[in-house]
Amino acid sequence: MVQSGVPLCNTCGEQVGLDDNGEVFVACHECNFPICKDCFEHELNEDHRVCMKCGTPYEERTKKEEEEDFHEIEVHENQSTMASEISNSQDVGLHARHASSVSTVDSEVHEESGKSFWKNRVESWKGKDKKNKKKKAAPKVENEASVPPEQQMEEKRPTEAAAAPLSVTIPMSKSKIAPYRTVIIMRLIILGLFFHYRVTNPVHSAFPLWLTSIICEIWFAFSWVLDQFPKWFPVNRQTFIDNLSARFEREGETNELAAVDFFVSTVDPLKEPPLITANTVLSILAVDYPVDKVSCYVSDDGAAMLTFESLVETADFARKWVPFCKKFSIEPRAPEYYFSQKIDYLKDKVQPSFVKERRAMKRDYDEYKVRVNAMVAKAQKTPEEGWTMKDGTPWPGNNSRDHPGMIQVFLGHTGARDIEGNELPRLVYVSREKRPGYQHHKKAGAENALVRGSAVLTNAPFILNLDCDHYVNNSKAVREAMCFLMDPEVGRDVCYVQFPQRFDGIDRSDRYANRNTVFFDVNMKGLDGIQGPVYVGTGCVFNRQALYGYSPPSMPSLPRSSCCCCPSKKSTTDGVYRNAKREELEAAVYNLKEIDNYDDNERSMLISQMSFEKTFGLSTVFIESTLMENGGVPESADPSMLIKEAIHVISCGYEEKTDWGKEIGWIYGSVTEDILTGFKMQCRGWKSIYCMPLRPAFKGSAPINLSDRLHQVLRWALGSVEIFLSRHCPLWYGFAGGRLKLLQRMAYINTIVYPFTSLPLIAYCCLPAICLLTGKFIIPTLSNVASLLFLGLFLSIIITSVLELRWSGVSIEDLWRNEQFWVIGGVSAHLFAVFQGFLKMLAGVDTNFTVTAKAAEDSEFGELYLVKWTTLLIPPTTLIIVNLVGVVAGFSDALNGGYESWGPLFGKVFFAFWVIFHLYPFLKGLMGRQNRTPTIVILWSVLMASVFSLIWVKINPFVNKVDSETLSETCIAIDC
């Protein structure tokens, strides 16, 4: 029966009900937000302890919690007898530990007893740890009774800014997205009718050509579906960094912003200039973020002394550069790019000293550049005896393939301070150990070494990785990411926040689609509305816990292998869940610290018994750091031994017989480890977020000449083929648990099958030339209905593109450049990647395509006009020549065939020009500089000259007309 005056629950719609005193149940006394008891208890069980409306923490605990606490006390009392058994069993456990290093037979004797002993200990501690967590979740409950209610409310009442949202998701307006979806459905229907017509109307006179075209068109339609439907739910996001500061940087209180570890990777300083890496490092050290929360790790995977010495100079220059950036709030904070800006640098600057200090800083930077360039010049020729350091000792990395691990910490709270006496962020040089006979896994292995080394030294809960040529363009980029990752409602299940890639130094027309605008501004926005964008290798802020292979907090953990067709035997037989093991180990480690006779050996044995060494490796300090969700160095760690422990975890043999590269960290098995790593996370249920601030967060450099661009695309495509041929292929991996959404899976499938489009694409681009040379065509004479069908298909393609441009904001020029380079890359780099991938994965043959460069002129965009020979240039060059010859031959046949031949010629020539126009940027790249004869003039000159020559020959204006009879008589008169 409905009671009058009792409000309805805002969650379930039922009546709120009455409490034990017969009054209306109230969960939040601040705003009286209506919520019933059942929903209130559910919120508490889900660890949501603040009001959903005003954000005020709930004051009272439920009886259910008190009963649980009472039950836990009883459990501990009943287990008091077990404590004596544990103390008596400690000697047995220690004996087993020491004996294990002497005799494997003796360790087997104690294995079962040791396991049961530790199992009992862990079980007895789990209840105590749960109670401790509840006390942390609802602190000061007992003390609140002694504090006046008015003071309690004053302390708990959050400010309006602190309770404001940190970010909002903005779906596309219905006026933009509804027509877009409608046209997609219409295009899908038209495609079905089109294929019905094409299949039921074969061209018998050119059956092989017709069949080839049908197969190609079906594959193109399949690729379009994979690319189109993941863009069904595009969204935009907006962040509020002011609200972030109001919530976590309150005046007079401890700064609660989370710490961030930056990773910068470099290999060869002669190919990746140290000055570029230094600018990236300087932009990181000057970010707008608390200095004690920032650590920058530079991975030198080539163990080059040049990189180390340039980092020493960079650390010294940072003492001047960082305070200058923060004093005048300049952007960007990479000195090379700041001083090269062609803008009014006095705009918005009101401090009189700015001009003088800027001039002095520019002079200091020029001197710094000269010192670094001198190092580079000296490093061009390696001495026979190898490099030596300033103290005369040989450089440990003289052999880049056989050297020990090296770590050097610069700056930080224990290092040098800036010129104003303020603390600087920590800067750490890391070069992992390399020895012959070990697999080092290139960039992915270097990143995993940084994950472990940083966990031992600083252990920030979030990691931001950058390529050495990607500098921080927006000093507030970290705060933008924290608006998602530190939001308790949004960030719990977020594995990473991906920023779009933006580039400097690209020509205005973006001839080879280096900016990838369509991918970053269209496809990634679409994925952001499903399960999040893919990881693209740089400009990404990770949740460290996600890299450790754990499942999201809101979901139960999955077995280690989630492959539907070939699950690992270990996961099916043992049923070991990493998250459950983690909870047990958290409880055990916490309670070990409260034991009087606790020592490091006991912790080591505990971790070993918990099988965590098989997952994370032989380092108790590192394993304990993985349990600290909020980061920080474990209290049990000896500060004087951290560097030694960090060198241990970056050793080349540390990953052997562990899950590194298989289930945790960056995943091995592909040169595009970024796609594979993000895919594994999202298969576990994690979500990612796409952050696009108005000022680009990061900027990098891109190869702008044709050959280098094709080789970059070749590498990406080869990585996709490797994933396709691996066990992590999205076609069959990750179905267990159903955590990867269907449209997200379609997007990942598209990322691994797109190189195979090169096979039908190159065949389709050859068809117009073959049709022109043979006089045949792949389409029969069209009826009125068929003509309307073709017209509808072309219109749907155009309208889809126009509506996509409308909601994404991408220009039509960017769309056309993307379309052109899709063809250029498809008939060159993608084709080679398919064959190279199969040779590498199936036959073990690793084929490299070398590039030979010629000298370039020293001018703006000079690299754009470099002529570099590479095998990748052969297929598109051949296609252009074949289609040009086909056009000339087609006009020749039409002139000889008369008026009736011009109708069929139109369709064939249109088809050929479709290929030529798409390959036009490629042809322009082969022709060279802009100040020479324009490529289009040469192209049209050749075509027009050929056509007019044929017409001239056909007309024969200077030859007398001779009839057939006269010609026959003339021939008969000749004596052969």
Side-chain angles (χ1 to χ4, degrees), residues 261-285 295-318 371-373 375-376 378-380 382 386-390 393-412 415 425-435 438 440-458 463-471 537-538 643 646-652 654-655 665-666 673 700:
D261 287 339
F262 285 78
F263 291 175
V264 179
S265 302
T266 183
V267 180
D268 187 351
L270 299 181
K271 294 181 180 179
E272 300 166 332
L275 201 58
I276 292 179
T277 304
N279 271 270
T280 300
V281 171
L282 289 169
S283 68
I284 292 172
L285 298 178
S295 298
C296 178
Y297 291 82
V298 180
S299 170
D300 178 17
D301 220 29
M305 186 174 172
L306 173 58
T307 303
F308 178 82
E309 289 187 334
S310 65
L311 210 59
V312 174
E313 289 288 343
T314 302
D316 185 60
F317 178 70
R371 293 194 298 271
V372 174
N373 289 334
M375 295 177 185
V376 175
K378 181 182 177 182
Q380 296 298 320
T382 305
W387 299 105
T388 56
M389 295 185 286
K390 291 182 179 180
T393 58
W395 172 247
N398 277 323
N399 187 345
S400 61
R401 298 182 179 179
D402 187 3
H403 65 85
M406 295 177 282
I407 293 179
Q408 177 64 48
V409 181
F410 304 97
L411 308 179
R426 184 182 305 217
L427 176 61
V428 185
Y429 170 86
V430 179
S431 182
R432 58 179 173 144
E433 181 187 19
K434 286 190 175 181
R435 301 296 181 190
Y438 287 90
H440 300 295
H441 303 289
K442 299 181 179 179
K443 180 183 176 181
E447 295 287 352
N448 284 337
L450 287 182
V451 171
R452 298 191 296 271
S454 64
V456 172
L457 295 178
T458 52
I463 295 171
L464 196 160
N465 85 294
L466 291 172
D467 289 342
C468 65
D469 60 345
H470 276 68
Y471 65 92
T538 184
I643 293 293
I647 292 177
H648 165 62
V649 299
I650 64 172
S651 60
C652 56
Y654 184 85
E655 294 183 355
W666 270 257
E673 69 288 329

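From a predicted model like this one, the values you see are computed outputs, not experimental measurements. Any value given below was found using the heavy atoms of this structure, including those in side chains, with hydrogens, waters and symmetry copies removed.
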T393 vs T388, side chain to side chain contact (heavy atoms under 4.5 Å, CB included): CA-CA, chis, key distance, verdict: CA-CA 6 Å; T393 58; T388 56; over 6 Å; no
Indicate the atoms forming the closest heavy-atom contact of N279 with Y471, along with that distance. O-CB, 4.4 Å
Could you tell me which non-hydrogen atom of G405 sits nearest to which non-hydrogen atom of I647, and how far apart they are? O-CG2, 4.1 Å
So with a 6.0 Å cut-off around CZ of R401, is the heavy-atom count from everything else above 12? no
Expected output: side-chain E313 to main-chain E309 donor-acceptor under 3.5 Å: no
Quick one: does H470's side chain have a donor or acceptor within less than 3.5 Å of a partner on V264's backbone? no
Can any side-chain N or O of S431 pair as donor or acceptor with the backbone N or O of D300 at less than 3.5 Å? yes
Result of checking V298, D316, V428 against L311 for side-chain contact (heavy atoms from CB on, under 4.5 Å): V298
Distance-only donor-acceptor check, side chains T277 and E272, under 3.5 Å: no
Roughly how far apart are L466 CG and C296 SG, rounded to 0.5 Å? 8.5 Å
Between N465 and F263 (side chain of the first, backbone of the second, donor and acceptor by atom type, cut-off under 3.5 Å), is there such a pair? no
If the plane angle is over 60° it's perpendicular, under 30° parallel, otherwise tilted; pick one for F308 and W395. tilted
Check ion pair E447-K442 (N to O, under 4.0 angstrom): no
So, S265 side chain and D467 main chain: donor-acceptor pair closer than 3.5 Å or not? no
Tightest non-hydrogen contact, residues M389 and M305, listed as CA-CE, 3.6 Å
Criterion salt bridge (Lys or Arg N to Asp or Glu O under 4.0 Å) on E655 and R452, from CA distance to verdict: CA-CA 11 Å; E655 294 183 355; R452 298 191 296 271; 2.8 Å; yes
Any carboxylate oxygen within less than 4.0 angstrom of a Lys/Arg side-chain nitrogen, looking at R426 and D261? no
Tell me the closest heavy-atom pair linking A449 and I650, and the distance in Å. O-CG2, 3.5 Å
Working to the nearest 0.5 angstrom, can you tell me the gap between L306 CG and L270 CG? 6.5 Å
When rounded to the nearest 0.5 angstrom, what distance separates NZ in K443 from OG1 in T538? 6.0 Å
Hey, could you give me the NE2/CZ distance between H403 and R432, rounded to the nearest 0.5 Å? 8.5 Å
Heavy-atom closest contact (P425 atom, L411 atom, distance): O-CB, 3.4 Å
Heavy-atom closest contact (C652 atom, E433 atom, distance): N-OE1, 3.1 Å
Using 4.0 Å as the upper bound for N to carboxylate O, is an ion pair formed by K434 and D301? yes
I need the S295 OG to I284 CD1 distance, nearest 0.5 Å. 11.0 Å
Please check if any side-chain donor atom of T307 sits under 3.5 Å from a side-chain acceptor atom of Y429, or the reverse. no
Mind checking the CG-CH2 spacing from L450 to W666? Nearest 0.5 Å is all I need. 8.0 Å
